[in-house]
Colleague: 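I have a structure I would like to understand better, so I am pasting it below and will then ask my questions one at a time.
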Protein chains: 2
Amino acid sequence: MIKLSKLTDYAIVVMSEMARQTGTVHTVTQMAERTGVPAPTVAKLMKSLTPAGLMTSHRGAAGGYALARPAEAITIADIVVALDGPIALTACVEGAGEECGVENLCPMRGGWEKINRAIRSALEQVTLADMMGPVWTPPAREPAKALASGNA
Amino acid sequence: MIKLSKLTDYAIVVMSEMARQTGTVHTVTQMAERTGVPAPTVAKLMKSLTPAGLMTSHRGAAGGYALARPAEAITIADIVVALDGPIALTACVEGAGEECGVENLCPMRGGWEKINRAIRSALEQVTLADMMGPVWTPPAREPAKALASGNA
DNA sequence: CTAATCAGTACCGAATTGGTCCTGATTGAA
DNA sequence: TTCAATCAGGACCAATTCGGTACTGATTAG
């Protein structure tokens, strides 16, 4: 299976949980408790998502994180780019030109571009809001994995 | 970057090279020489692609492998499924139900299904023929990587 | 001034992946 | 019939990547 990294999966879970909760500022500890994702891992995610413009942060005693935009305005593509880098199945992609010195000559470029464009388009059409659903309680064991994949 | 495994990348390279060559039967050694992919690795690929119906094989002194269908009739989706398993970004996918016991309740299912379908569709619309191009000579160093990604 | 929380960086163990090796089976040619 | 060439199956290993953690510094409200 071609797959997203677990960390990206976690980010979507955490961010959709933030979108669902009332209140706007959430600490790493709160997010960890609600989603079952380990706190150090949530902290790590926030350190990538914040500079990418998807989260805003506030230091200090009343500090925490908030979604930078409403859930409807954050696409899965945004999240994937922030954590996994450019959306593509191979290094043959715009913006990754430094890895490909003969892009004009590569016989496969056309095929891969078609695929990469379709994937990007699909990820851009789904937002965090689409990933939210009824309130859901994470299982007690292997929670992060279970939650990320929707497992029982 | 969400990416295909290197082995899947190699398989596409090797198979498109086979499609380009005259003659229909190619040994592992020949394919390794033409593409720069190590022979044991090519052999490994063939052991997955053949049972999947993408290659036919013939043992014995005049043995080797051949594409099971013309290049136009082999999609990138076929190859990815044979090597990487079902096409999906997460375990939330039809056919992987054993990993998800609450698929009817999973709040994210709808979003992921849309994405997974789009990726499958994109991969099904590109064939091995689309990945072939002018005759191209692989570089001498790090050949498999260079070739697979079209790097100089 | 203190406690709570984010920010940056480095490190480590586990898992996965790429790659190899060995042996057995098959087949055509000598 | 024998032999060389090649595929088939399975196991194993090293390297790399990823998930996860830990520590220290900076910031902020009370």
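The chains referred to below are lettered A, B, ... by the order of the sequence lines, with proteins before strands, and numbering in each begins at 1.
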Colleague: Starting from C1' on dG20(D), measure out to CG on D9(A) and report it in whole angstrom.
Modeller: 16 Å
Colleague: From NZ of K3(A) over to P of dG19(D), roughly how many Å is that when rounded to an integer?
Modeller: 9 Å
Colleague: Relative to the 5' end of DNA chain D, which residue comes earlier, A62(A) or L4(A), by the nucleotide with the nearest heavy atom?
Modeller: L4(A)
Colleague: Heavy atoms from C-beta onward define the side chain here; which of dC7(D), dG28(C), dT28(D) lies closest to that of A61(A)?
Modeller: dT28(D)
Colleague: Which nucleotide, dA8(D), dA7(C), dT27(C), lies nearest any side-chain atom of S57(A)?
Modeller: dA7(C)
Colleague: Could you state the atom-to-atom distance from NE2 of H58(B) to P of dA25(C) in whole Å?
Modeller: 18 Å
Colleague: Here's a test of your reading of the structure: between Y65(A) and K44(A), which maps to the more 5' nucleotide of DNA chain C?
Modeller: Y65(A)
Colleague: Between D130(B) and K114(A), is there a side-chain N and carboxylate O pair less than 4.0 Å apart?
Modeller: no
Colleague: Could you state the atom-to-atom distance from CE of M46(B) to P of dG18(C) in whole Å?
Modeller: 15 Å
Colleague: To the nearest angstrom, how far is L49(A) atom CG from dG8(C) atom P?
Modeller: 13 Å
Colleague: As an exercise, state the distance from CD1 of I74(B) to CE of M55(B), rounded to the nearest 0.5 Å.
Modeller: 7.5 Å
Colleague: Taking the side chain of K47(A) as its heavy atoms from C-beta onward, which of dC7(D), dG19(D), dA22(D) lies nearest to it?
Modeller: dA22(D)
Colleague: Taking atom C1' of dC18(D) as reference, at what distance in whole Å does atom CG of L83(A) sit?
Modeller: 13 Å
Colleague: L54(A) and side-chain contact (heavy atoms from CB on, under 4.5 Å): which single residue from L128(A), T75(A), D78(A) fits?
Modeller: D78(A)
Colleague: I want to verify a distance call: between dT27(D), dA3(C), dG19(C), whose nearest atom is closest to the R59(A) side chain?
Modeller: dT27(D)
Colleague: Can you tell me how far P of dC18(D) sits from CD1 of I2(B), to the nearest Å?
Modeller: 13 Å
Colleague: Which part of the nucleic acid, if any, lies within contact of G63(A), taking any heavy atom under 4.0 Å across all strands shown: a base, the sugar-phosphate backbone alone, or nothing?
Modeller: sugar-phosphate
Colleague: What's the CG-P distance between L7(A) and dT21(D), to the nearest Å?
Modeller: 11 Å
Colleague: Return the nearest nucleotide to the side chain of T41(B); candidates are dT9(C), dG19(C), dT27(C).
Modeller: dG19(C)
Colleague: Return the nearest nucleotide to the side chain of P40(B); candidates are dT20(C), dG10(D), dG25(D).
Modeller: dT20(C)
Colleague: Heavy atoms under 4.0 Å, any strand shown: does T29(B) hit a base, just sugar-phosphate, or nothing?
Modeller: nothing
Colleague: Side-chain N or O of Y10(A) versus OP1/OP2 of dG19(D): is the shortest distance under 4.0 Å?
Modeller: no
Colleague: Establish whether the base of dG18(C) is bridged to the side chain of K6(B) by a donor-acceptor pair shorter than 3.5 Å.
Modeller: no
Colleague: Spell out, as yes or no, whether a donor-acceptor pair under 3.5 Å connects the side chain of S121(B) to the backbone of R117(B).
Modeller: no
Colleague: State, without any angle test, whether T29(A) and E33(A) hold a side-chain donor-acceptor pair at a distance under 3.5 Å.
Modeller: no
